[in-house]
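Before any comments, here is the structure.
Counting begins at 1 with the first residue of the sequence.
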Amino acid sequence: EALLLFQRCGEGLREVLPPDHWMHAAARKNMGDAYLDLQQLDDAERCFLEAERGLTAALGAQHDRTRGAILSLIDVY
């Protein structure tokens with residue numbers, strides 16, 4: 001159920017924010033968390049990698065949100 005809500009959130013963000021806005025990457029991180037909870041590790045990994053790239057580009061590598069995506073990726077491994 002959470003995964004569906006995060007997918008809808010991502011769709012809504014695409015309608016109102018520019019494509020390089022950090023919130024898109026944050027939404028991908030949230031989707032990764034939902035996939036991780038469901039033990040869908042390949043999907044979780046993909047989302048966390050996308051989130052890390054987007055957050056690094058938008059906020060920088062040292063930002064707490066970027067670090068959170070990296071820590072979540074570690075949980076997959």
Side-chain angles (χ1 to χ4, degrees):
E1 194 171 315
L3 184 57
L4 180 59
L5 292 175
F6 288 133
Q7 289 169 337
R8 285 184 177 167
C9 178
E11 292 167 5
L13 290 174
R14 282 190 292 278
E15 293 177 13
V16 297
L17 295 174
D20 59 345
H21 196 281
W22 67 268
M23 287 186 72
H24 295 290
R28 295 301 292 172
K29 195 264 187 208
N30 290 337
M31 285 183 62
D33 289 335
Y35 280 124
L36 187 60
D37 288 344
L38 295 170
Q39 293 297 302
Q40 296 180 17
L41 301 182
D42 290 341
D43 292 324
E45 178 185 32
R46 179 180 40 81
C47 287
F48 293 144
L49 287 170
E50 291 172 6
E52 184 277 328
R53 283 191 295 269
L55 290 166
T56 297
L59 302 175
Q62 300 303 315
H63 194 278
D64 287 342
R65 290 185 185 276
T66 306
R67 290 179 179 189
I70 293 168
L71 291 174
S72 292
L73 184 59
I74 291 169
D75 289 339
V76 172
Y77 300 124

Rounded distance (nearest 0.5 Å) linking atom CG of L41 with atom OH of Y77: 10.0 Å
Hey, can you pull the donor-acceptor pairs under 3.5 Å for the side chains in residues 12-24, sequence neighbours left out?
{"from": "R14", "atom 1": "NH1", "to": "G10", "atom 2": "O", "distance (Å)": "3.4"}
{"from": "H21", "atom 1": "ND1", "to": "M23", "atom 2": "N", "distance (Å)": "3.1"}
{"from": "H24", "atom 1": "NE2", "to": "P18", "atom 2": "O", "distance (Å)": "2.9"}

Distance (rounded to the nearest 0.5 Å) between E1 CD and F6 CZ: 11.5 Å
Interatomic distance, E52 atom CD to L73 atom CG [nearest 0.5 angstrom]: 8.0 Å
Shared hydrophobic cluster for L36 and L3 (ILVMFWY, side-chain gaps under 4.5 Å): no
Set of side chain to side chain contact (heavy atoms under 4.5 Å, CB included) partners for H63, sequence neighbours left out: L59, R65, T66
From Y35 atom OH to N30 atom CG, the distance as rounded to the nearest 0.5 Å: 13.0 Å
Value rounded to 0.5 Å, distance of CD1 in I70 from CG in L49: 10.0 Å
Nearest heavy-atom neighbours spanning A69 and A51: CB-CB, 4.2 Å
Heavy-atom pair with the smallest gap, counting every atom of R67 and A61: CG-O, 4.1 Å
Atom pair CD/CZ of Q40 and R46 - distance to nearest 0.5 Å: 9.5 Å
